[in-house]
Amino acid sequence: MNELPKVYDPAQVEGRWYREWIEQNVFHADANTPKAPYTIVIPPPNVTGSLHIGHALFATLQDILTRWRRMQGYNALWLPGTDHAGIATQLVVERRLWREEQKTRQDLGREAFLERVWQWKQRSGGRILEQLKVLGASCDWPRERFTMDEGLSRAVREAFVRLYEEGLIYRARRLINWCPRCHSALSDLEVEHTDTDGKLWHIAYPVEGSSGGERLVVATTRPETLLGDTAVAVHPEDERFRHLIGRRAELPLTGRTIPIIGDAVLVDREFGTGAVKVTPGHDFNDFETGLRHGLEMISVFDADAKLNENAPAAYRGLTTKEARERVLADLKAAGLLQGEEPHKLSLGQCERCGTVVEPMLSLQWFVKTGPLARPAIEAVEQGKTRFVPENWTKTYMHWMTNIKDWCISRQLWWGHRIPAWYCAACQEPTVARETPAACARCGHKELRQDDDVLDTWFSSALWPFSTLGWPDDTKDLRTFYPTSVMETGYDIIFFWVARMMMMGLHFMKDVPFQTVFLHALVVDENGDKMSKVKGNVIDPLDVIHGATLEQLLTKAQGDGAPKEALENIKKNFPQGIPAAGADALRFTLAAMAAQGRNIRLALSRVEGYRHFANKLWNAARFTLMNLEGHDADRWHDELGSEARERLGLGDRWILSRLQRTVAEVDQALEAFKFNEAAQAIYRFLWTEFCDWYIELAKPALQGSGTPAAETRRRMAQGVLSSTLEVACRLLHPFMPFVTEEIWQQLPRPSGSSGSIMITMYPVADDTLIDAAAERSMALVQQVVTAVRNLRSEYHVGPGVPLDVTVMSADAATRAEVEAHAELIQGLGRVRELQVAPRGEPPHGTVVSVIGGDAASAGMDIDVAVNLEGQIDVAAERVRIAKDLAKTEKDLAQSQAKLEKPSFVERAPPAVVEEERRRLAESQDRIAKLKASLERLGRL
RNA sequence: GGGCGUAUAGCUCAGCGGAAGAGCAUCGGCCUUACAAGCCGAGGGUCGCAGGUUCGAACCCUGCUGCGCCCACCA
């Protein structure tokens, strides 16, 4: 009746179901239902290109949470969208423009360039959403937002204006980080610091009017900034220099003189020469010093970080590097260079383009963060928002309590234009929601809007509520805010999480999310961050659909990858990437998403889980082939009542294991332990359901003729199909496609819903937990394994039936074995199964002793397998001797423990009891093994 | 300078106070009509090092070492 192919092919299934789900509109969350809301807003991917495997991770985790909660009956909303990613996207488009047309953005002009960026956004954004769909993301697509769409732009203006009116946004001339390549200011967070080997130069500044030719020697790592010095500082209590404070020094190479000041904050007496040059225009410390002492502030660099007109003519137009060389040479010539020593320093680089960042004096817009941070700190202290893993709380708090004002203006073209207009007459800004007609101060009509745009993270900070309709008071906003979980990477805890907290609390008077789950980053197999240059980037689509080496290379070339990268790709993926399907990729990511450690994605793991999907598929095939005459409705009714007492041991066992697994998965998901949940399902389906239950259901499924056999078959059919059905639902959030495909074909009670997506998530039924069945089954498994073990050692193929005698001194155990003889015979391929009390094993048998080890604790069984004529006495002696040695070691350990009075006195009684039992079992086992050896000697 | 993470089988990782686990890889045996992307077995680990706490430590504490992140106005 079923025509399922033998091998599961995700390509035949995944796209089809995704389209079907979209058509059925099952991803939609309606604000008008009485169900409890569960909201996740997506961390909007940048529209810089396509998604990488890191995105696949968040998409998987968020989809698992969303599908899980949706099945639990929540009104689950996963709100999708993308981020314009100002500087990053602009850079990508600029590079492309240069590569393809050798043009700069200035060549095109602002309007035409923005046109290009929008085109790029269209393409890239579309591609990203496509990728999410391929992964199976159950986003509510009609709600999709983009940070620069009309509604969100309105939210940005509203937020800006309100903060400005509240005095929380201001404009000031300050020292900021300047990227000479991007020609823009950057926030502190956008500067990456790397340790670099530099030098510390000692430079002599002659003291003005000093009769004895006294010189003040400063130490500096940046001699070229000397041209902008406006003071020299010493420690006010430094005996060596105290007399100089208040006098002036001659600034070399410039003809200027500068004051000598005392400053205990800036100067560390122990460091360097004890004197510091002060350049308030190009150093953050010096800037503060300048403010303290009212020093002049000179900028000697222009926007390209080249020397400007404030520098002496000889240096103008030089780059910082050239200027440094020239300054050093000139100082040397003047006899003012006193020496140099190696010195480590940290170099600030632009996060996006890697250019060395220059501290520059500049008029910019800032957010005053202090008042915003306070509530954001309190909310976490009060537990209104909680971090998972919890360690991140500390990081968040540390940053929040030391927060600095946030420079939000960027001299870029791509982004939200700052809603400030400058008056041609009085120069004052008018900040407004809509283009103002006249200057708010003087009424002048000629206004010009600020050219700059806002930091991309400004709009991101509003994301949890701007996407729900803010600043309007919408039903959506009231229903879905605060969101339930913010799931994102720990790398953007400051950039994004902290700022959402501040803005959410400020504008919504409530936290933006109840839980922040921070996942680890995906790195390659060697722990290296994935990068295009390293050629170790994995595109989720390649894992899902597969890619040959040629395809990988072609794609990398298309992205403008350097030669080195192509070589690395050849090395990293010599065979390309085999197609695994979205389910397998998702399961891999979930299984590896342990908290607190970066995820080294190994393709071999993906392959393993592809096999898992196939395994499940074949279990379903088997099930469907064996359901003739099965009635789902009848079974459903029966399981609630009379059928239970007719269930076989295997049936009761697997139902019990299923309940435990369901509980385990539930617990794990509640705690965001995706890996534990995945592992529990994997183990259940493969090790328990497939390896044991299906095997022992086979005889029952084939039975017919007698009413007893019919009943047994009916029970097995019911358990088989209903267990698989529940397992599919349990697995669905992890592997949505294959579970839907299978579930659709399984018999279900009539009236059940049209998609697994909207059925109920399994809830553990404690009445089906059956400890006795689990114990009995463990016994059966032990006996079967013992038989298989000997079979394997003696190279007796599975086709050869064996005669087995099970011996136990325990009458109850014997009864158990007798009761389940059929199961043992089936699984172990045993012809004759005799049960006997303990004693001499039958002639011609080899014996496997059960009991006394971890897996068989508490069992007292000998399994004697008849291998008449095949017994290799020498080999058998080795086997037993090995076993004996190990057991003797166990015994010695137990003895040692029990001989210690402290153990017996202080360990919990149960543990002591356990140890005593172990001791006894070891002794027993040793006796049996010795008897076996003796018996062997008589052969 | 502060903070955080991490070190467990050849590889990628679970386990985090009471007898060392999974997947992949390896070895042996099986085409047992759900699955060879499979089945049945096997081998493989002084759980980074040194101390300490405890009756008992892979697990808790301290120190050290290696690797990796983050923060900091490290002339």
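Quick note on labels: first sequence line is chain A, next is B, and so on, each numbered from 1.
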SB check [X] [Y] (cutoff 4.0 Å):
X        : Y        : answer
A/Lys277 : A/Asp229 : yes
A/Arg683 : A/Glu664 : yes
A/Arg918 : A/Asp890 : no
A/Glu341 : A/Lys199 : no

Consider the side chain of [X], meaning its heavy atoms from C-beta on, and name the nucleotide among [options] that approaches it most closely.
X        : options             : answer
A/Phe494 : B/A37, B/C70, B/G41 : B/C70
A/Thr221 : B/C69, B/A72, B/A75 : B/A75
A/Lys882 : B/C24, B/A75, B/G43 : B/G43
A/Asn391 : B/G18, B/G29, B/C4  : B/C4
A/His611 : B/C71, B/A75, B/C24 : B/C24
A/Ala619 : B/C40, B/A75, B/A34 : B/A34
A/Arg918 : B/A34, B/G18, B/C55 : B/G18
A/Phe622 : B/A34, B/C4, B/A14  : B/A34
A/Glu676 : B/C4, B/G15, B/U12  : B/G15
A/Pro908 : B/A34, B/C4, B/C55  : B/C55

[atom1] spacing across the pair [N] / [M], given as an integer number of angstrom:
N     : M     : atom1 : result
B/G48 : B/A7  : C1'   : 6 Å
B/A37 : B/C31 : C1'   : 15 Å
B/C30 : B/A36 : C1'   : 10 Å
B/A20 : B/G38 : P     : 30 Å
B/C60 : B/G15 : P     : 12 Å
B/C49 : B/A9  : P     : 11 Å
B/A22 : B/G5  : C1'   : 23 Å
B/U32 : B/U46 : P     : 39 Å

Looking at every strand, decide which applies to [X] at a 4.0 Å heavy-atom threshold: base, sugar-phosphate, or nothing.
X        : value
A/Gly274 : base
A/Phe284 : nothing
A/Lys615 : base
A/Ile694 : base
A/Lys199 : nothing
A/Tyr8   : base
A/Trp686 : sugar-phosphate
A/Val796 : nothing
A/Arg610 : base
A/Ala275 : base
A/Gln679 : sugar-phosphate
A/Lys277 : nothing

Say whether A/Glu190 and A/Ser187, considering side chains only, have a donor N or O and an acceptor N or O under 3.5 Å apart. yes
How are the rings of A/Phe612 and A/Tyr682 set to each other: parallel, tilted or perpendicular (split at 30° and 60°)? tilted
Once the angle between the rings of A/Tyr490 and A/Trp392 is folded into 0 to 90°, is it parallel (under 30°), tilted (30 to 60°) or perpendicular (over 60°)? parallel
Could you let me know what [N] is paired to, Watson-Crick or G-U wobble, both distances under 3.5 Å, or none if it's on its own?
N     : result
B/A19 : none
B/A14 : none
B/C49 : B/G63
B/C69 : B/G3
B/C27 : B/G41
B/A9  : none

Please tell me which of A/Val904 and A/Thr623 maps to the more 5' nucleotide of RNA chain B, matching each residue to the nucleotide holding its nearest heavy atom. A/Thr623
Quick check: on RNA chain B, is the nucleotide nearest A/Asp9 upstream (toward 5') of the one nearest A/Asp890, or the reverse? Name the residue that is more 5'. A/Asp890
Any side-chain N or O of [X] less than 4.0 Å from the OP1 or OP2 oxygen of [N]?
X        : N     : result
A/Arg906 : B/C55 : yes
A/Lys698 : B/A34 : yes
A/Asn614 : B/G38 : no

Please check if atom CD in A/Gln667 has more than 12 non-hydrogen atoms from other residues, nucleotides or ligands closer than 6.0 Å. no
Is a donor-acceptor pair below 3.5 Å formed from side chain [X] to base [N], judging by atom type as modelled?
X        : N     : result
A/Arg600 : B/U12 : no
A/Glu695 : B/A34 : yes
A/Ser346 : B/C74 : yes
A/Lys344 : B/C74 : no

Rounded to the Å, how far apart are [X] [atom1] and [N] [atom2]?
X        : N     : atom1 : atom2 : value
A/Asn618 : B/U33 : CG    : P     : 14 Å
A/Arg925 : B/A19 : CZ    : P     : 17 Å
A/Glu192 : B/C69 : CD    : P     : 11 Å
A/His282 : B/A75 : NE2   : P     : 18 Å
A/Leu696 : B/U32 : CG    : C1'   : 15 Å
A/Asp691 : B/A34 : CG    : C1'   : 12 Å
A/Glu793 : B/G43 : CD    : C1'   : 12 Å

Taking side chain as C-beta onward, heavy atoms only, is A/Tyr693 less than 4.5 Å from A/Val719? yes
Check step by step if side chain to side chain donor-acceptor pair (under 3.5 Å) holds for A/Gln349 and A/Thr194. CA-CA 8 Å; A/Gln349 287 165 298; A/Thr194 42; 2.9 Å; yes
